[in-house]
Amino acid sequence: TRPSPDSMRAVVRGLKAQGADLIKLFASSGLGAGGAQTMSNEQITAICGEAKSLGLRTLVHAISAASVRASVLAGCTQIEHGIFVTDAELTLMAARGTIFDPQLCLVFQNYIDHPDAFSFTDSTLAPLKAAIPTAHAMYARALRVPTLKIVFGTDAVALAHGRNADEFVCRVKAGQSPMAAIISATSVGAEALGMGDRLGSIMKGYEADLIAVNGDPSLDIRATQRVMFVMKGGVRYR
């Protein structure tokens with residue numbers, strides 16, 4: 001069925017009333033299904049417009065270039081994935097201040113390494129294997145777009161937890177500097193959450209949430225894979 005834009009707005013208002021502080025919408029199919037746009041431009045505009053009027057962020061699962069463009073033009077807050085974007089969509093995101101959360105390797109490699117856990121076959125794994133070089137090439141182009149706000153995200157699912165730093169390594173291999181990759185996961189990530197006034201930086205008055213690693217990650221990003229301890233709210237955890 002194709003719910004009307006007005007009914008979509010009502011859903012957003014209902015979620016707000018239940019205490020939601022963000023809206024996640026699927027503007028496209030998944031990668032395995034090709035990623036084509038599945039919601040109409042009018043539906044996307046209705047959801048993101050209503051959410052914005054209520055002070056809610058909108059995060060959009062958008063794989064194809066068309067679904068990304070529609071979501072950016074609709075004023076949605078953040079694009080998730082966007083593996084098939086062209087330079088035009090990357091430039092549009094930068095111009096509109098849209099936050100971009102792409103993934104390069106961890107989520108794909110995790111499925112490839114554990115196909116039985118997800119009941120994947122050779123045919124369902126094929127687009128995931130092909131996605132890795134495509135994602136790396138896309139990210140290299142994204143890094144060349146001035147003012148594009150890129151945040152760190154892994155889309156990590158079961159069996160990938162604890163391995164988020166693998167995504168750091170892939171980002172640096174694609175051409176990002178180690179420090180820029182770290183900043184995308186700290187202060188830029190906090191800004192994207194609307195919490196940049198208390199998270200994401202080591203500053204007086206901020207929450208003391210730190211990760212200590214063995215080595216200098218600004219020189220060797222693989223140091224992020226060697227976690228020594230975590231501090232949450234000033235309390236150290238091994």
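Treat the numbers as computed from the prediction; the structure is a model and nothing was measured.
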- Query: Is it true that R57 and D21 have a side-chain N and a carboxylate O under 4.0 angstrom from each other?
  - Reply: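 No.
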
- Item | Salt bridge D101-K149, side-chain N to carboxylate O under 4.0 Å |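 A salt bridge is absent here (no side-chain N lies under 4.0 Å from a carboxylate O).
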
Identify whether [X] and [Y] are in the same connected component of the hydrophobic contact network (ILVMFWY, side-chain heavy atoms under 4.5 Å).
{"X": "L22", "Y": "L54", "answer": "no"}
{"X": "L143", "Y": "V151", "answer": "no"}
{"X": "F168", "Y": "I211", "answer": "no"}
{"X": "M8", "Y": "V72", "answer": "yes"}
{"X": "L106", "Y": "L128", "answer": "no"}

- Stepwise side-chain contact (heavy atoms from CB on, under 4.5 Å) check, L31 with F108: CA-CA 10 Å; L31 180 62; F108 307 126; 3.6 Å; yes

- Query: What is the ring orientation for Y111 with F120, classed by angle as parallel under 30°, tilted 30 to 60°, or perpendicular over 60°?
  - Reply: tilted

More than 12 foreign heavy atoms under 6.0 Å from [atom1] of [X]: is that the case here?
{"X": "R9", "atom1": "CZ", "result": "yes"}
{"X": "D113", "atom1": "CG", "result": "yes"}
{"X": "K173", "atom1": "NZ", "result": "no"}
{"X": "I202", "atom1": "CD1", "result": "no"}

- Task: Would you tell me whether S4 and D6 have side-chain atoms, one donor and one acceptor, within less than 3.5 Å of each other?
- Result: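 No, no side-chain donor-acceptor contact under 3.5 Å.
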
- Exercise: do E89 and T86 side chains pair donor with acceptor under 3.5 Å: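 Looking only at side-chain atoms, T86 and E89 do form a donor-acceptor pair, the distance falling under 3.5 Å.
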
I need the minimum non-hydrogen distance between [X] and [Y], along with the two atoms involved.
{"X": "S201", "Y": "S187", "answer": "OG-CB, 3.8 Å"}
{"X": "I44", "Y": "A70", "answer": "CD1-CB, 4.0 Å"}
{"X": "A51", "Y": "T58", "answer": "CB-CG2, 3.4 Å"}
{"X": "R2", "Y": "M39", "answer": "NH2-C, 3.9 Å"}
{"X": "V85", "Y": "V68", "answer": "CG1-CG2, 3.6 Å"}
{"X": "S28", "Y": "G35", "answer": "CB-O, 3.3 Å"}

Any donor-acceptor pair under 3.5 Å from [X] side chain to [Y] backbone:
{"X": "T45", "Y": "E42", "result": "no"}
{"X": "T134", "Y": "A130", "result": "yes"}
{"X": "R226", "Y": "N214", "result": "yes"}
{"X": "E50", "Y": "A10", "result": "no"}

- Just wondering, do M179 and P217 contact through their side chains at under 4.5 Å, heavy atoms?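 Of all side-chain heavy-atom pairs linking M179 with P217, none is under 4.5 Å.
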
- Query: Considering residues at least two apart in sequence or located in another chain, which fulfil the side chain to side chain contact (heavy atoms under 4.5 Å, CB included) criterion with A117?
  - Reply: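 If we apply the side chain to side chain contact (heavy atoms under 4.5 Å, CB included) test to A117, skipping adjacent residues, the hits are H114, L159.
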
- Using the side-chain contact (heavy atoms from CB on, under 4.5 Å) rule, take M228 and V213 through it: C-alpha gap first, then chi angles, then the decisive distance, then the call. CA-CA 5 Å; M228 303 302 291; V213 301; 5.6 Å; no

- Task: Check whether NZ of the Lys or CZ of the Arg R198 lies under 6.0 Å from the centre of the six-membered ring of Y206 and within 45 degrees of that ring's axis.
- Result: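 No, R198 does not sit over the ring of Y206.
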
- Go through the steps to decide whether Q109 and D166 satisfy the test side-chain hydrogen bond (donor to acceptor under 3.5 Å, both in side chains), and finish with yes or no. CA-CA 10 Å; Q109 194 62 52; D166 292 5; over 6 Å; no

- Message: For a side-chain contact (heavy atoms from CB on, under 4.5 Å) check, start with the C-alpha distance between N41 and Q43, then their side-chain angles and the critical distance, and finish with the verdict.
- Response: CA-CA 6 Å; N41 292 357; Q43 287 174 317; over 6 Å; no

- Message: Using the salt bridge (Lys or Arg N to Asp or Glu O under 4.0 Å) criterion, which residues pair with K232? Sequence neighbours excluded.
- Response: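 Result, salt bridge (Lys or Arg N to Asp or Glu O under 4.0 Å) vs K232: D209.
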
